[in-house]
Amino acid sequence: MQPKLYIIIPCYNEQEVLPITAPMFLEKLKSLSAAGKISGDSRVLFVNDGSRDDTWSIIEKLSKEDEHYIGISQSRNRGHQNAVLAGLMEAKDVCDITISIDCDGQDDINAMDQMVDAYLDGCEVVYGVRSSRETDTFFKRFTAQSFYKFLSAMGAEVVYNHADYRLISAKVLREFANFREVNLFLRGMVPLVGFKSTTVSYSRAERLAGESHYPLKKMIALAVDGITSLSVKPLRLITGFGVLVALISFIGVLWALITALCGRAVAGWASMTCIVCFVSGVQLICLGIIGEYIGKIYMETKQRPRYIISQRTWDDKSR
Ligand code: UDP
Ligand code: MG
């Protein structure tokens, strides 16, 4: 029997691009089903992430036009990661495989064929990896690549150049559901679940319409979230740095004592000021990093729901 596929698509203020890309997803679903790779009752599941424009009404309209389109709506905007998670958790008990993909047409939907093939060959997770970033601006390319390098240098295990375009089987999702953290960084968490995985490369195109919701500020926030959710390496680095500064200070103390004992102590205002400024700056940065982790612990202890679904398109009909 062919597996039942759910394509999970987070959408936030995407009224311009959704009417263009939605038929593309449906066409892909139908061609996969016609090729006998997936079952006919597969679905395209849109997750409206509290959009302020007409995104949800477009999704509702689509769901009335074709039964393969279904949608859920978050009660408010919670961010891309939470939207994807909401879709995955919604799908995990009703399908065999999920593929999450952005709704802007940047990720090549034709890679889905290879993803499904890899699943049929026995892989439970298939990561979509961007083979080239020619269509990205230099700035986007540079910041995105630095992002992956920095993440792995900081001890967060991620698949290089993989964003959130991936196939995950329902079997893996059921295990993944036990990862209860509220600070989500899906591309770092999925590898932790394990199971047989592979990658499929695709070239990334330009957004078909609308604007990116990931400016530099959000990318930095995502990188900080990624590192602090997956690794304690920054804390170890602080400790290492502290030891180094302590050693240097010890030598400084010896030097100061010897100078004083020899009666050659002079008023060293400049050196004193520099040391005080430097060390206090470093201390504040270190406190900030520790604070970042405490903030994470704080949010985790609250155990707030990671998503809240306010509406489903199939409230009035069966999926
Ligand atoms: N998105 C979302 N919630 C948000 C921001 C973005 O669900 O708060 C969705 C968005 O609709 C898109 C995907 O996440 O489908 C990726 O966003 P975008 O294309 O703006 O990011 P970029 O590709 O530029 O990194
Ligand atoms: Mg995009």
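For reference, positions follow the sequence shown, starting with 1. As the structure lists them, so they are numbered: ligands from 1, and atoms in each ligand from 1.
The Mg ion (ligand 2) does not have Asp107 among its coordinating residues (no N/O/S atom, backbone or side chain, under 2.8 Å).
Within a 6.0 Å radius of CZ in Phe150, no more than 12 heavy atoms belonging to other residues, nucleotides or ligands are found. Tyr293 OH: more than 12 foreign heavy atoms inside a 6.0 Å radius. By the neighbour-count criterion of 12 heavy atoms within 6.0 Å, atom CD of Glu211 is sparsely surrounded, having that number or fewer from other residues, nucleotides or ligands. Within a 6.0 Å radius of CD in Glu181, more than 12 heavy atoms belonging to other residues, nucleotides or ligands are found.
At a threshold of 4.5 Å between non-hydrogen side-chain atoms, the residues Ile38 and Lys4 do not count as touching.
If you check which protein heavy atom lies closest to atom 9 (C) of ligand 1, you get Pro10 O, 3.9 Å. With hydrogens left out, the protein atom closest to atom 22 (P) of ligand 1 is Ser212 OG, 3.7 Å, a heavy atom. Residue, atom and distance of the protein heavy atom nearest to atom 16 (C) of ligand 1 are Asp102 OD2, 3.3 Å. The closest protein non-hydrogen atom to atom 21 (O) of ligand 1 is Tyr214 CD1, 3.2 Å. Of the protein's non-hydrogen atoms, the one nearest atom 3 (N) of ligand 1 is Asp49 OD2, 2.6 Å. Nearest protein neighbour of atom 18 (P) of ligand 1, counting heavy atoms only, is Arg207 NH2, 3.4 Å. For atom 25 (O) of ligand 1, the closest non-hydrogen atom of the protein is Lys140 NZ, 3.4 Å. Distance from atom 20 (O) of ligand 1 to its nearest protein heavy atom, with residue and atom name: His213 N, 2.4 Å.
Against a heavy-atom cut-off of under 4.0 Å, Asp104 is close to the following atoms of ligand 1: 19 (O), 23 (O). Residue Asn77 has at least one heavy-atom neighbour below 4.0 Å for each of these atoms of ligand 1: 3 (N), 4 (C), 8 (O). Heavy-atom contacts of Cys11 reach the following atoms of ligand 1: 7 (O), 11 (O) (cutoff under 4.0 Å).
In terms of distance to the Mg ion (ligand 2), the nearest N, O or S atom of Asp104 is named OD2.
Contacts of Gln106 with ligand 1, taken as heavy-atom pairs under 4.0 Å, involve the side chain alone. Using a 4.0 Å cut-off between heavy atoms, Glu14 contacts ligand 1 through its side chain alone, with no backbone atom that close. Proximity of Asn13 to ligand 1, defined as any heavy-atom pair under 4.0 Å, is not found for any part of the residue.
Considering Leu18, Ile58, Ile72, Ile7 as possible partners of Phe46, the one that fulfils the side chain to side chain contact (heavy atoms under 4.5 Å, CB included) test is Leu18.
Aromatic ring centroids of Tyr202 and Tyr165 lie under 6.0 Å apart.
Asn183 and Glu300 are linked by a side-chain donor-acceptor pair at a separation below 3.5 angstrom, with hydrogens and angles left out of the test. Of the N and O atoms on the side chains of Asp96 and Gln2, not one donor lies less than 3.5 Å from an acceptor on the other residue.
Using a distance-only test at 3.5 Å, with no hydrogens or angles considered, no donor-acceptor pair links the side chain of Thr313 to the main chain of Ile70.
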